[in-house]
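A quick note: this is a predicted structure, and the numbers were derived from the prediction, not measured. Sequence lines set the chain letters: A, B, ... in the order given, protein chains first and strands last, and positions in each chain run from 1.
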Protein chains: 2
Amino acid sequence: MPPTIYDIADHADVSTATVSRVLNDESKVAPDTRDRVMKAAQSLGYQPHASAQNLARNRTDTIAVVVPLLANYFYMGVLRGIQNALAPKSYDLLVHAPSHPDAVEEQVRRAAQRGRSDGVLLLSAPLHEDIANSLDESSQPVVLVDTRHPDYESIYVDNHRGGYKATCHLLEAGYQRIGHITSGTPEPDPAAERRRGYEEALDEVGHPRASSLVARGSQEPFAFAKDGGYTAMKRLLQRDPPPDAVFAASDMQAIGALQAASELGVRVPEEVALLGFDDIDVSAHVGLSTLRQPLRDYGELAVEKLTARIQEPDRPVSSTVFDPELVVRDTCGTQTGET
Amino acid sequence: MPPTIYDIADHADVSTATVSRVLNDESKVAPDTRDRVMKAAQSLGYQPHASAQNLARNRTDTIAVVVPLLANYFYMGVLRGIQNALAPKSYDLLVHAPSHPDAVEEQVRRAAQRGRSDGVLLLSAPLHEDIANSLDESSQPVVLVDTRHPDYESIYVDNHRGGYKATCHLLEAGYQRIGHITSGTPEPDPAAERRRGYEEALDEVGHPRASSLVARGSQEPFAFAKDGGYTAMKRLLQRDPPPDAVFAASDMQAIGALQAASELGVRVPEEVALLGFDDIDVSAHVGLSTLRQPLRDYGELAVEKLTARIQEPDRPVSSTVFDPELVVRDTCGTQTGET
DNA sequence: TCCCTAACTGTAAGCGGTTACATTATGAGG
DNA sequence: CCTCATAATGTAACCGCTTACAGTTAGGGA
């Protein structure tokens with residue numbers, strides 16, 4: 001049996017209250033008592049029992065995050081931000097990643113269970129009523145990232161503006177037939193908003209919005225995945241006439257598109273320009289032009305908001321919207337300087 | 001105040017013991033009692049308190065993992081495997097990522113604290129005596145991934161063989177001046193082993209082992225990072241004569257090397273062939289040839305071993321060594337079929 | 001009719017800490 | 001010398017749940 005504070009109390013000939021005081025606060029304990037306790041703890045190799053502390057303190061110093069997908073560049077970026085912000089605050093991170101998309105709800109419930117963590121971060125969580133309700137009941141502090149909901153702190157990017165910016169950039173570069181690769185069906189909100197931004201930009205300059213210029217990815221393994229971009233691009237390039245530029249709803253899809261083009265012997269950006277969305281880590285490696293989302297900042301900001309709310313549960317709900325920033329690299333054919 | 005089992009007990013007019021029995025086991029409870037309890041729980045919106053359960057059960061249904069670096073392709077792969085294996089077992093995952101390399105020890109200690117998790121997975125942890133000791137004391141089940149230690153279950157790859165295989169492949173392809181990019185100093189064990197494999201292969205065929213053919217990366221931001229590969233490759237390519245092939249100790253370094261070559265206008269693989277190590281996710285995207293480590297399998301196997309040990313703490317310690325598999329893509333100039 | 005067993009259910013002691021409150025000792029001020 | 005604030009420590013309740021053990025009840029068998 002590992003030693004408890006009772007053992008320490010015995011050895012140091014004090015009460016458990018005193019032991020606890022020595023181990024935790026600075027509060028009034030006589031120096032030599034403190035010494036005796038510390039020595040006893042040391043010699044017994046004492047380690048506090050986390051569960052017991054959590055229960056007694058009604059606090060876990062842990063925050064939970066629900067990630068739809070581990071091993072995804074997008075979430076990896078956010079997670080890194082979270083981790084960075086968490087470490088100095090000495091919170092631990094409980095990661096809930098559903099093994100299957102349908103399991104999201106269960107994971108949210110689990111993450112929000114009382115006594116498990118002090119607050120919950122939800123990444124890209126589609127907030128069905130069900131989920132919203134069980135969140136409400138658990139009355140845990142919650143911060144949403146890459147989604148929004150009027151009742152919760154939210155952090156997200158202006159997707160519409162991103163789509164618009166992307167398309168404008170391509171238009172300004174003189175491209176005439178600008179295609180778009182969107183997500184699989186059902187189209188998640190962010191994808192729909194990006195598409196609308198794209199459409200609006202075209203409308204504004206009076207470009208035709210041929211449906212033959214829009215292709216849809218698949219839902220597997222997830223809505224913004226590479227495979228979808230790959231097949232969508234193949235379809236687009238085989239149309240007659242093919243687009244001379246393509247705006248993809250995500251970088252992963254753009255990377256799939258890149259591969260499709262390469263297989264068809266279509267050069268990028270000479271024969272077809274390509275623009276992604278997200279600026280995930282690998283985009284820099286492959287020279288993909290894109291609209292940047294500050295993923296790390298999402299994570300850091302989310303932690304700030306969450307910890308603030310943990311300390312002050314009634315603070316007003318605030319949302320933060322980021323403006324996606326155009327990052328010009330090799331694939332959009334408008335590069336002026338260096339990589 | 002959220003409802004507790006006492007509230008349920010009151011409402012259903014039974015004792016807390018019965019409530020607990022209804023909520024947990026199948027053990028003997030009269031059907032209508034069960035009903036009353038369930039109804040009460042339902043109507044009160046009862047949720048068990050995780051910390052309290054953990055304390056009473058002396059079990060957390062959580063496993064902890066210490067990752068040197070979040071947001072790294074290598075660990076992302078392993079994490080995904082871990083997650084996959086964990087979900088069906090309904091364990092939760094506590095992720096400890098040190099914000100700074102020096103904080104590893106602290107994170108290990110934290111992860112191993114009693115009452116926090118039921119077992120610990122250590123990824124690439126350098127096992128100083130200190131750490132080994134505090135692990136010992138905590139007497140938690142432990143599994144090591146990408147490291148080995150006789151006292152613990154370990155999962156790792158045969159790095160020496162990988163280095164050897166890589167170099168042999170390049171030799172067989174007819175390259176004459178085979179360079180090597182190793183990690184920053186101090187060289188982690190895996191890097192040293194890969195380098196020795198490289199050296200042994202050269203020795204065997206009587207090739208000279210010019211130190212001018214070996215370059216070292218930097219330690220920042222971590223030993224196998226892209227930046228190190230980038231600078232090392234620049235140095236190698238500026239030597240006279242430059243190598244005609246390079247074996248990099250990691251894929252990230254190889255990707256940095258790729259970038260260096262591109263900036264110097266040196267074509268890969270025509271002017272210099274390149275081989276990486278790990279087969280991280282992005283390698284496929286950039287067509288990097290490499291030696292594959294089955295990262296997902298590491299994670300899954302690690303979980304299997306750990307959970308087995310949790311259930312049966314005295315089972316014999318077993319190690320699993322994987323054989324790295326050569327994956328030929330574009331960068332080593334020996335491609336025969338398609339990508 | 002009486003005893004015994006099986007089926008339920010309740011009592012209360014933990015699990016390992018934290019902490020409000022009570023108690024004791026100490027020394028300063030009058 | 002007495003009073004009282006103050007510092008140091010102890011007592012014991014409590015956090016919310018689990019579970020060993022004891023108690024109750026009802027039905028079956030002799």
Side-chain angles (χ1 to χ4, degrees), chain A residues 1-38 40-41 44-62 112-118 137-140, chain B residues 1-38 40-41 44-62 112-118 137-140:
Chain A
M1 280 282 97
T4 71
I5 51 167
Y6 291 90
D7 299 318
I8 301 185
D10 279 359
H11 279 242
D13 205 33
V14 295
S15 72
T16 61
T18 299
V19 175
S20 180
R21 279 191 280 261
V22 170
L23 263 27
N24 297 303
D25 12 277
E26 345 285 84
S27 80
K28 320 290 174 191
V29 178
D32 69 317
T33 311
R34 178 179 298 273
D35 259 27
R36 287 211 315 286
V37 171
M38 289 304 251
L44 292 175
Y46 173 75
Q47 242 193 338
H49 189 286
S51 299
Q53 288 187 315
N54 292 345
L55 179 59
R57 293 176 173 163
N58 192 27
R59 163 164 72 82
T60 60
D61 294 322
T62 295
Q113 190 191 352
R114 78 205 163 94
R116 191 179 296 291
S117 70
D118 299 345
E137 275 174 21
S138 78
S139 68
Q140 294 257 47
Chain B
M1 277 286 96
T4 69
I5 51 168
Y6 289 91
D7 299 317
I8 300 185
D10 278 358
H11 279 242
D13 205 35
V14 294
S15 73
T16 60
T18 300
V19 175
S20 179
R21 279 191 279 260
V22 170
L23 264 26
N24 297 304
D25 15 272
E26 344 285 84
S27 80
K28 320 290 172 191
V29 178
D32 69 318
T33 311
R34 177 179 299 272
D35 259 25
R36 288 211 314 286
V37 170
M38 289 305 251
L44 292 174
Y46 173 76
Q47 242 193 339
H49 190 287
S51 299
Q53 288 187 315
N54 292 346
L55 178 59
R57 293 176 171 161
N58 191 27
R59 162 164 74 82
T60 60
D61 294 322
T62 294
Q113 189 192 352
R114 77 206 164 94
R116 191 180 296 292
S117 69
D118 299 345
E137 275 175 22
S138 78
S139 67
Q140 295 257 48

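- The shortest side-chain heavy-atom distance between T4(A) and H49(A) does not fall under the 4.5 Å cut-off.
- Nearest heavy atom pair, residue S15(A) against residue A9(A), reads C-CB, 3.9 Å.
- The CD-C1' distance, from Q113(A) to dG16(D), rounds to 12 Å in whole Å.
- Residues L23(A) and Y46(A) have side chains in contact (heavy-atom distance under 4.5 Å, counting atoms from C-beta outward).
- Computed from coordinates, the R34(A) CZ to dA8(D) P distance equals 10 Å when rounded to whole Å.
- For K28(A) and dA5(D), the NZ to C1' distance is 14 Å, given to the nearest whole Å.
- Side-chain contact of N58(B) with R114(B): a donor-acceptor pair under 3.5 Å is absent, judged by distance alone.
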For nucleotides 16-18 of chain C, tabulate all protein N/O to nucleotide N/O atom pairs closer than 3.5 Å, reporting atom names and distance.
residue : atom : partner : partner atom : Å
dG17(C) : OP1  : Y46(A)  : OH           : 3.0
dG17(C) : OP1  : H49(A)  : N            : 3.4
dG17(C) : OP1  : R114(B) : NH2          : 2.3
dG17(C) : OP2  : I5(A)   : N            : 3.0
dG17(C) : O5'  : Y46(A)  : OH           : 2.8
dT18(C) : OP1  : N24(A)  : ND2          : 3.0
dT18(C) : OP1  : Q53(A)  : NE2          : 3.3
dT18(C) : OP1  : R57(A)  : NH2          : 3.0
dT18(C) : OP2  : S20(A)  : OG           : 2.5
dT18(C) : OP2  : N24(A)  : ND2          : 2.9

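- Atom CG in N54(A) sits about 15 Å away from atom P in dC17(D), given to the nearest Å.
- In terms of the side-chain hydrogen bond (donor to acceptor under 3.5 Å, both in side chains) criterion, D7(B) has no residue partners (sequence neighbours excluded).
- In this structure, T62(B) contributes its side chain and T60(B) its backbone to a donor-acceptor pair below 3.5 Å.
- Judged by distance alone, the side chains of R116(B) and N54(B) never bring a donor and an acceptor atom under 3.5 Å apart.
- Between D32(A) and R34(A) there is no salt bridge, since no side-chain N of the basic residue sits under 4.0 Å from a carboxylate O of the acidic one.
- A rotation axis mapping the C1' atoms of four pairs onto the next four is fitted at both ends of the helix from dT1(C)-dA30(D) to dG30(C)-dC1(D) over five pairs, and the angle between these axes is 60° to 10 degrees.
- Across the protein-nucleic acid pair, D25(B) atom CG and dA20(D) atom C1' stand 13 Å apart, rounded to whole Å.
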